[in-house]
Colleague: 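Dropping the structure in here first, questions after.
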Amino acid sequence: MNINATLLGQAITFAILIWFTMKFVWPPLMAAMAERAKTIADGLAAAERGKHDLELAEKRAAEILRQGKEKASEIIAASEKRATEIVEEAKTQAKAEGDRILVAAKADIDQEVFRAREQLRTQVSAVALAGAGKILGREIDAKAHNELLDKLVAEI
Amino acid sequence: MSAEGQTTTEYIQHHLTNLQAGEGFWTFHLDTLIVSGLLGLIVFGTMWLATRKATAGVPSGMQNFVEMVVTMVDSQVKDTFHGKNELIAPLALTIFVWIFAMNAMDVIPVDLVGWISGLFGIHSTFKLVPSTDLNATFAMSIAVFFLIYFYSIKVKGFGGFTKEVLFSPFGKFPLLIPVNILFRIVEDIAKPISLALRLFGNMYAGEMVFILIALLPWYLQWMLGAPWAIFHLLIITLQAFVFMMLTIVYLSMAHESH
């Protein structure tokens with residue numbers, strides 16, 4: 001158990017190993033690990049960014065959906081309004097048409113009545129004349145009494 | 001038990017003798033040099049291969065393993081040492097990995113190498129565990145000691161370093177200066193000695209117990225050998241970790257003023 005020149009040999013080996021580790025083992029490993037750490041950090045940051053983007057996109061989608069719904073309800077409201085308007089218009093038109101037809105029909109009826117009355121008057125006067133003629137037993141000169149008869153007709 | 005005709009004492013002696021070459025101080029423990037050198041070559045070569053193919057993408061198994069060790073060492077260094085020093089982290093990694101590899105030789109059965117070399121007709125002594133050789137542990141602790149002084153003087157300047165030796169831990173009073181210097185000497189000598197002896201003591205004792213277990217009849221060896229080997233796995237890792245941690249602590253102390 002004596003100290004001897006082996007110590008020097010061991011020291012030299014030790015020195016070589018330290019130098020070797022310092023030069024060839026430590027730096028590349030550290031570099032690789034640092035790079036990996038950076039890659040992982042970058043990946044995490046990218047994931048975070050992606051999550052953020054997704055959130056934004058979801059928000060935007062919700063906004064667009066909301067807008068679309070709003071527009072749709074607007075359109076529905078407008079169309080309903082328009083439909084009511086059309087119905088109202090149609091009603092008004094129909095009423096106007098009805099009135100017009102009514103008026104025309106009334107005019108027709110008046111005309112018919114007038115005509116019928118004219119006819120009736122003429123016939124009545126004829127009947128009256130005939131009756132009078134028969135009652136009087138003689139022919140009344142139609143021409144002579146036309147004026148009188150017309151007056152009679154007008155009175156009926 | 002290995003060769004026949006050995007007494008128990010001879011057997012133990014045989015296992016505690018290094019394979020030597022040279023005379024006096026210029027004796028080389030060939031087994032320590034060769035085994036630690038080979039381990040360094042294999043372990044650091046493997047780590048180098050792992051780093052050569054290192055990618056920033058998904059790491060392969062080997063790279064992953066090396067990265068785990070490196071990350072462990074790096075976080076220990078960052079927890080303890082707050083200055084800027086390119087050397088400390090690789091140094092700590094070297095110490096941890098190399099000591100771990102040398103200690104790990106302890107779990108190889110004590111007679112295996114002798115048996116294999118015996119097959120080739122070689123019957124020399126061979127200590128497989130380099131960290132049971134004081135030369136190996138002192139080589140590292142003395143290197144750490146020199147680094148402590150190098151960085152103390154480099155960071156604080158020669159003046160600052162001298163001031164620290166003269167005036168701490170007790171203060172500037174002139175009469176206290178010799179006491180301060182004495183304390184400093186004791187403290188600084190204690191660092192490498194305790195580092196080296198702690199590792200050596202643990203490993204030597206562990207190896208000793210393995211040798212004693214090997215003296216038991218073969219059908220009883222597992223009863224003690226298995227628990228001790230399992231427990232020793234903990235010691236192997238722990239001692240490598242302790243040596244590394246203390247090195248980091250000493251070096252970070254060298255960077256800070258008292």
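This is a predicted model, so every value here is computed, not measured. Chain letters run A, B, ... following the sequence lines, proteins first and then strands; every chain starts at 1.
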Colleague: Quick check on the interface: out of Asp74(B), Val66(B), Thr17(B), who has the most heavy-atom pairs with chain A under 4.5 Å?
Modeller: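 Option with the greatest count: Asp74(B).
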
Colleague: When you look at CH2 of Trp48(B), are more than 12 heavy atoms from neighbouring residues, nucleotides or ligands closer to it than 6.0 Å?
Modeller: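 For Trp48(B), atom CH2 is not crowded (no more than 12 foreign heavy atoms under 6.0 Å).
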
Colleague: As an exercise: rank Trp26(B), Phe44(B), Phe138(B) by heavy-atom pairs under 4.5 Å with chain A and give me the winner.
Modeller: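 Among the listed options, the one with the most contacts to chain A is Phe44(B).
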
Colleague: Applying a criterion of heavy atom separation less than 4.5 Å, what residues of residues 15-36 of chain A form contacts with chain B?
Modeller: Leu17(A), Ile18(A), Phe20(A), Thr21(A), Met22(A), Phe24(A), Val25(A), Trp26(A), Pro28(A), Leu29(A), Met30(A), Ala32(A), Met33(A), Glu35(A), Arg36(A)

Colleague: Could you pull out all residues at least two apart from Phe25(B) that satisfy ring-ring contact (aromatic ring centres under 6.0 Å, His included)?
Modeller: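 Applying ring-ring contact (aromatic ring centres under 6.0 Å, His included) to Phe25(B) gives none.
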
Colleague: Where on Leu87(B) is there a heavy atom nearer than 4.5 Å to chain A: the side chain, the backbone, both, or neither?
Modeller: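 Both backbone and side chain.
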
Colleague: Sub-3.5 Å donor-acceptor pair from the side chain of Thr6(A) to the main-chain atoms of His29(B), do we have one?
Modeller: yes

Colleague: Which one wins on heavy-atom pair count under 4.5 Å against chain A: Gly37(B), Ala143(B), Pro59(B), Gly40(B)?
Modeller: Pro59(B)

Colleague: Do any N or O atoms from the side chain of Asn135(B) and from the backbone of Asn4(A) form a donor-acceptor pair under 3.5 angstrom?
Modeller: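 Side chain of Asn135(B) to backbone of Asn4(A): a pair is present.
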
Colleague: Ignoring hydrogens, what is the shortest heavy-atom contact between Ala11(A) and Ala139(B)? Give both atom names and the distance.
Modeller: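 For Ala11(A) and Ala139(B), the tightest heavy-atom pair comes out as N-CB, 3.5 Å.
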
Colleague: Could you name the residues of residues 71-93 of chain A that have a heavy atom within less than 4.5 Å of a heavy atom in chain B?
Modeller: none

Colleague: Under 4.5 Å from any heavy atom of chain A, what part of Ala50(B) do you find: side chain, backbone, both or neither?
Modeller: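 Looking at Ala50(B), nothing touches chain A.
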
Colleague: Do you know which of Met140(B), Met47(B), Glu86(B) has the most heavy-atom pairs with chain A at a distance under 4.5 angstrom?
Modeller: Met140(B)

Colleague: Has Gln13(B) got more than 12 heavy atoms of other residues, nucleotides or ligands less than 6.0 Å from its CD?
Modeller: no

Colleague: Distance check, rounded to the nearest 0.5 Å: Ile142(B) atom CD1 versus Ile3(A) atom CD1?
Modeller: 7.0 Å

Colleague: Just checking, any donor-acceptor pair under 3.5 angstrom between side chains of Ser36(B) and Gln10(A)?
Modeller: yes

Colleague: Crowded around Glu63(A) CD? As in, over 12 foreign heavy atoms under 6.0 Å?
Modeller: yes

Colleague: If you draw a 6.0 Å radius around CZ in Phe65(B), do more than 12 non-hydrogen atoms from other residues or ligands fall strictly inside?
Modeller: no

Colleague: Where along residues 237-250 of chain B does a heavy atom come under 4.5 Å of chain A, listed by residue number?
Modeller: none

Colleague: Examine whether an atom of Trp98(B) lies under 4.5 Å from a heavy atom of chain A, and if so say whether it belongs to the side chain, the backbone or both; otherwise answer neither.
Modeller: side chain

